Each structure stands twice: as C-alpha cells, then as structure tokens.
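Every chain is numbered from 1, with letters handed out A, B, ... down the list of sequences. Model, not experiment: these values are computed from the prediction.
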Protein chains: 2
Amino acid sequence: MRKETSSNALNEKKINATCGMGYALSLIGGRWKSNILWRLLNSDKLRYSELRRLIPGISERMLVSQLRELEADQLVLRVVYPEVPPRVEYALTDLGKSMRPMLQSISDWGEMHRKVTAED
Amino acid sequence: MRKETSSNALNEKKINATCGMGYALSLIGGRWKSNILWRLLNSDKLRYSELRRLIPGISERMLVSQLRELEADQLVLRVVYPEVPPRVEYALTDLGKSMRPMLQSISDWGEMHRKVTAED
DNA sequence: CCGCATCCTCATCGATACTG
DNA sequence: CAGTATCGATGAGGATGCGG
C-alpha cells in the first residue's frame with residue numbers, strides 16, 4: 001500500500017513555513033533526523049546496520065521511517081545492492097550535502113553553549 | 001504547582017545530544033519556537049498580544065508555554081510592567097541574540113531550497 | 001541482512017472557558 | 001491585557017514478531 005511516503009511534515013498544516021526556517025526545520029526536526037544526517041555527513045556512506053549501531057537508542061521502525069522520509073525529501077540516497085545477503089547503503093544527495101553549512105552552524109552553536117547554559 | 005518550568009526537552013531522554021546539534025535543536029525545535037524567535041530577532045521586543053497577532057495559528061496555551069520554555073532556556077527575557085492594564089514585553093537575551101547566525105543560516109537554506117524541492 | 005506490520009503508550013498540542 | 005485550567009484529540013515514537 002506504500003502510504004505514499006509522506007515526505008516531510010508540513011504537507012498540510014504542521015510547522016508554519018512563513019519563513020524558510022520552518023521548512024528547513026521540518027526536514028531536520030524530530031528526534032532522529034539530525035543524528036542520522038550528522039553521521040552521513042561524517043561518514044559519506046553507511047549501511048543500514050552501521051547506522052543502527054551508530055545510533056544506540058533507535059528502533060528499527062524509527063530508523064527505517066526516518067530514512068524513508070529523508071529519502072522522500074531528497075536529502076538521502078538509498079542504494080540497494082542485489083546481493084545475498086542483501087546490502088543497502090545510504091548516502092547524502094547533493095541536496096543533503098548542501099546542508100553542511102547549516103548543520104555545522106547549528107552544531108557550532110550547540111557545542112559552544114551547551115556547557116554554559118547546562119553546566120554538565 | 002508550577003510544574004517546574006521544564007526548560008528544554010533533553011532533560012531525561014528525548015533528543016540525542018551526542019553532538020551539539022541535538023542540544024541546539026532541542027531549544028529551537030517544535031512547531032512554534034523558531035517562529036517566535038524569528039519575530040523577536042526582527043522586532044527586538046514584542047508584547048504578548050503582538051506575538052499573538054503576528055503568529056496566526058497559535059493558541060494562547062502554546063504561546064505561553066513556548067515563551068516559558070524559551071525563558072527557562074535563557075533565550076528570551078520576560079519583562080512585566082506593573083501597570084493596569086498589565087503590559088508584558090518579551091525580548092531576546094544575549095544568548096538568544098547569539099542565535100542569529102545559526103537561525104539565519106537555517107532560514108537561508110530553507111528559502112533557497114523550498115522552491116526547488118516543493119515547487120509551490 | 002534489511003526491513004515491514006501491528007499494537008500500544010504517552011507527550012504534545014488545540015479549543016474552550018475562566019481569572020487577576 | 002495577559003495569562004491559567006481543563007479536557008480531548010492526535011500522532012510521534014517504542015516493543016515485538018514476521019517476511020523476502
């Protein structure tokens with residue numbers, strides 16, 4: 001049935017994309033996407049099982065669904081190798097790679113202020 | 001009872017703050033916060049009722065709760081003027097203002113790619 | 001190995017009515 | 001004007017078991 005891989009979250013209502021920020025955040029928001037994107041930015045290409053191991057708390061359901069959404073939003077490319085046992089690799093598309101500066105600036109701000117506000 | 005104004009979302013589990021990105025996103029994530037921050041960045045100081053009018057879909061409950069969280073996270077300053085009728089103004093703290101480059105880069109990416117992926 | 005389907009929980013959010 | 005209180009709906013996310 002495919003449920004039409006509902007791309008990102010602002011299809012109907014959801015995030016107010018009054019400014020582009022709402023749109024961008026709808027793509028990277030949620031609990032897992034930023035983590036997934038971050039891994040792919042640093043590893044350039046990863047297998048499903050590698051992602052599972054890299055992201056400790058994630059369930060299979062979530063990993064798959066988030067990857068599918070990222071794929072539908074054209075941020076991530078999914079490559080299936082018709083082998084046995086099966087092998088599937090995920091990599092960033094050009095669009096996904098174009099997020100690097102944005103993600104980097106988010107990461108930078110976070111790294112810089114995490115210690116200040118929440119002295120861990 | 002005050003429910004201890006639970007600051008941001010990563011108190012217990014929630015977003016994986018493995019990298020600073022998770023932390024930053026936990027502060028600006030959700031449906032409304034980016035919008036609120038954006039208004040305050042461009043207006044430097046706004047009253048409660050002005051925010052309500054500027055952000056069409058938001059309910060009072062949400063506006064208040066999001067403002068309280070932003071305040072607890074030290075991004076927004078709340079100033080109460082002991083007048084009648086009451087007047088309350090919200091403005092960005094220095095920490096909030098320090099988000100400008102990050103928010104700008106998010107906005108930039110969104111504005112640039114919104115038309116491409118979702119030809120509206 | 002790489003998923004999908006199902007069931008379920010619980011936080012989040014919307015609407016409404018009310019208050020200092 | 002600037003909120004608070006309460007209730008109900010919704011949907012993201014977790015656990016588990018099965019399938020190609």
Side-chain angles (χ1 to χ4, degrees), chain A residues 1-16 25-36 45-72 76 78-90, chain B residues 1-16 22 25-26 29-36 45-71 76-91:
Chain A
M1 184 56 78
R2 299 294 297 149
K3 78 183 282 280
E4 67 186 78
T5 40
S6 60
S7 85
N8 65 67
L10 51 73
N11 282 337
E12 311 182 4
K13 22 198 179 180
K14 289 293 182 175
I15 289 204
N16 309 43
L25 287 173
S26 75
L27 299 184
I28 66 173
R31 183 169 174 186
W32 303 109
K33 283 181 182 171
S34 61
N35 202 317
I36 296 174
K45 141 180 138 181
L46 287 170
R47 298 184 59 168
Y48 175 83
S49 51
E50 292 177 315
L51 281 167
R52 273 219 75 183
R53 254 172 279 124
L54 284 170
I55 306 175
I58 199 168
S59 68
E60 300 194 346
R61 196 179 98 77
M62 275 300 107
L63 180 52
V64 172
S65 78
Q66 299 306 290
L67 284 170
R68 289 292 180 282
E69 286 187 21
L70 291 170
E71 196 190 351
V76 162
R78 178 173 178 262
V79 181
V80 183
Y81 295 86
E83 310 169 351
V84 49
R87 180 160 58 103
V88 179
E89 287 179 349
Y90 294 91
Chain B
M1 184 56 78
R2 300 294 294 148
K3 78 184 283 283
E4 67 186 81
T5 39
S6 61
S7 83
N8 65 67
L10 52 73
N11 282 336
E12 311 182 4
K13 22 195 178 183
K14 289 292 181 177
I15 288 205
N16 308 42
L25 287 174
S26 76
R31 183 170 174 185
W32 303 110
K33 282 180 182 171
S34 62
N35 202 318
I36 296 173
K45 141 179 137 182
L46 287 170
R47 299 182 59 167
Y48 175 82
S49 51
E50 292 177 315
L51 281 167
R52 273 220 75 182
R53 253 172 279 122
L54 284 171
I55 306 174
I58 200 169
S59 70
E60 301 194 345
R61 199 178 96 77
M62 276 301 107
L63 180 52
V64 172
S65 79
Q66 299 306 289
L67 283 170
R68 288 290 182 285
E69 287 186 22
L70 291 170
E71 196 190 349
V76 162
L77 187 65
R78 178 173 178 261
V79 181
V80 183
Y81 295 86
E83 309 170 352
V84 48
R87 180 160 57 104
V88 178
E89 287 179 350
Y90 294 91

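An OP1 or OP2 oxygen of dC1(C) is reached within less than 4.0 angstrom by no side-chain nitrogen or oxygen of Ser49(A). Within the 4.0 Å cut-off from OP1 or OP2 of dG3(D), at least one side-chain nitrogen or oxygen of Arg68(B) is found.
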I'd like to know whether Tyr48(B) forms a side-chain contact (heavy atoms from CB on, under 4.5 Å) with Arg78(B), so could you lay out the CA-CA distance, the side-chain angles of the two residues, the decisive distance to 0.1 Å, and finally the verdict. CA-CA 10 Å; Tyr48(B) 175 82; Arg78(B) 178 173 178 261; over 6 Å; no

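Over its length, the helix from dC1(C)-dG20(D) to dG20(C)-dC1(D) turns its helix axis by 50°, as judged from the five terminal pairs at each end, rounded to 10°.
Closest heavy-atom contact between Lys33(A) and Ile28(A): CB-O, 3.8 Å. Closest non-hydrogen pair, Leu70(A) versus Leu27(A), comes out as CD2-O, 4.0 Å. Contact record, Ile58(B) with Arg52(B): O-NH2, 3.5 Å, taken as the closest heavy-atom pair. Of all heavy-atom pairs spanning Ile36(B) and Gln66(B), the tightest one is CD1-CB, 3.8 Å.
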If a protein heavy atom is under 4.0 Å from the base, mark B; if only from the sugar-phosphate, S; if neither, -; do that for nucleotides 13-20 of chain C going 5' to 3'. BBB-B--B

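Between Val64(A) and Arg68(A) the shortest side-chain heavy-atom distance falls below 4.5 Å. Looking at heavy atoms from C-beta onward, Glu89(A) lies out of side-chain contact with Glu50(A) at the 4.5 angstrom threshold.
Comparing Pro85(A) and Val64(A) by the nucleotide of DNA chain C that holds the closest heavy atom to each, the one mapping nearer the 5' end is Pro85(A).
What separates CD1 of Ile55(B) from P of dA2(D) is a distance of 14 Å, to the nearest Å. Rounding to whole angstrom units, CD of residue Glu71(B) and P of dA2(D) are separated by 15 Å. Between the C1' atom of dC1(D) and the CD atom of Glu83(B) lies a distance of 11 Å, rounded to the nearest Å. The separation between Leu63(A) atom CG and dA12(D) atom C1' is 16 Å, rounded to whole Å. The separation between Glu50(B) atom CD and dG3(D) atom P is 13 Å, rounded to whole Å. Atom OH in Tyr90(A) sits roughly 15 Å away from atom P in dC1(C) (whole-Å rounding). Residue Leu51(B) contributes atom CG, which lies 12 Å from atom C1' of dA2(D) at whole-angstrom precision.
For the atom pair OG (Ser49(B)) and CD (Glu60(B)), the distance works out to 10.5 Å, reported to the nearest 0.5 Å. Atom OH of Tyr90(B) is separated from atom CG of Leu51(B) by 8.0 Å, given to the nearest 0.5 angstrom.
Nearest to the side chain of Arg78(B), among dC1(C), dG3(D), dC1(D), sits dG3(D). Taking only side-chain atoms of Val88(B), from C-beta outward, the nucleotide of dG3(D), dC1(C), dG3(C) with the closest atom is dG3(D).
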